[in-house]
Amino acid sequence: MQTVLLTGFEPFDQDPVNPSWEAVRQLDGVQFAEDVQIVARRLPCAFATAPECLVQLISELRPAMVIATGLAPGRSEISLERVAININDARIPDNLGYQPIDTLVVADGPAAYFSTLPIKAMVKAVRESGVAASVSQTAGTFVCNQVFYRLQHLLAGSQVRSGFIHVPDQSLMALSSLVDGLRVAVSVAWNTPVDVREVGGQVS
Ligand code: PCA
């Protein structure tokens, strides 16, 4: 059996729940192809501990694909992140009270990494399933971007494809739609070796 590791985050910034974890936990154990199953795990919302936790999970579970998710407050669509950047610039302290400003995620790392997931195909399929989705050109500069960058750094050059999805607030998308959309996104990612060519950019 092969594993797709799907992560969500614990709550942060005084929110009682984080829909990223509430959604992915519902997909834990779901088998979406004959020999592939989702394993869902929760990451802490802290710069110091989240990447270590993810690295540990990857060495333990040896996943064939990794998709991390987190909440993007205010966004109303499932956001397929295109790029992780090598900067931490926190607007608020994380759950351990740490607030880095303009520090590098990896001291000698490149400025950015692209997602290695077929993000255009994923957007297309999620939309066709009736759930709002789009490509996002920035994962921000907080813990999610840091985790995304560390993930891409760790798996760069490997056969294991990986990326990040930001999810909407529960006030802007029902949890059931989010779960359905993520299930489609994972399955399409698994089944699409080469991304499709679709409009998905922004003018500014
Ligand atoms: N969202 C935050 C961190 C944890 C989460 O769910 C972010 O976008 O960085």
Side-chain angles (χ1 to χ4, degrees), residues 5-28 38 40-58 66-106 109 111-115 117 119 122 131-154 162-175 177-179 181-182 185-186 202:
L5 173 61
L6 196 54
T7 66
F9 274 99
E10 68 181 6
F12 68 105
D13 197 21
Q14 290 154 20
D15 277 345
V17 293
N18 188 322
S20 67
W21 172 240
E22 296 309 317
V24 303
R25 71 193 296 191
Q26 293 194 31
L27 296 172
D28 187 38
I38 294 173
R41 292 288 185 268
R42 191 173 82 152
L43 299 180
C45 184
F47 284 97
T49 51
E52 276 60 37
C53 184
L54 182 64
V55 169
Q56 174 65 33
L57 286 169
I58 291 170
V66 184
I67 305 179
T69 74
L71 165 66
R75 289 197 202 165
S76 58
E77 302 183 323
I78 291 179
S79 299
L80 281 294
E81 296 295 348
R82 190 195 291 268
V83 60
I85 60 173
N86 193 6
I87 200 82
N88 296 316
D89 190 5
R91 185 178 55 76
I92 52 170
D94 69 14
N95 285 1
L96 293 176
Y98 181 53
Q99 188 172 6
I101 294 176
D102 295 347
T103 64
L104 296 173
V105 177
V106 174
Y113 284 104
F114 289 120
S115 174
L117 301 177
I119 55 172
M122 292 162 82
V131 178
S134 56
V135 171
S136 162
Q137 323 299 344
T138 173
T141 53
F142 193 49
V143 179
C144 287
N145 173 72
Q146 185 219 23
V147 159
F148 182 19
Y149 186 95
R150 287 284 299 270
L151 175 63
Q152 302 309 104
H153 187 68
L154 178 72
S162 57
F164 197 96
I165 301 179
H166 262 120
V167 308
D169 280 303
Q170 262 167 286
S171 60
L172 298 173
M173 181 178 283
L175 188 59
S177 301
L178 179 53
V179 173
L182 288 177
V186 172
Q202 282 170 233

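All ligand and atom numbering here is 1-based and tracks the order in the structure. Computed from a prediction, not measured in an experiment: that's the story for all the values here. Heavy atoms only: backbone and side chains are in, while hydrogens, waters and symmetry mates are out.
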Of all heavy-atom pairs between [X] and [Y], which one has the smallest distance, and what is that distance?
| X | Y | value |
| --- | --- | --- |
| S136 | R75 | OG-NH1, 3.3 Å |
| L104 | N88 | O-ND2, 3.6 Å |
| G70 | C144 | CA-SG, 3.9 Å |
| E81 | I119 | O-CG2, 3.8 Å |

Sidechain-backbone polar pair: D102 side chain, D89 backbone, donor-acceptor under 3.5 Å
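No: the side chain of D102 does not pair with the backbone of D89.
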
Give me the one residue out of S76, P19, P168 that meets side-chain contact (heavy atoms from CB on, under 4.5 Å) with M173.
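Running side-chain contact (heavy atoms from CB on, under 4.5 Å) over S76, P19, P168 with M173 returns exactly one hit, P168.
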
Run through ligand 1 for me and note each protein residue having a heavy atom under 4.0 Å from it, chain first, then residue number.
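Its neighbours under 4.0 Å (heavy atoms only) are F9, F12, N18, C45, G70, L71, F142, V143, C144, H166, given by chain and number.
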
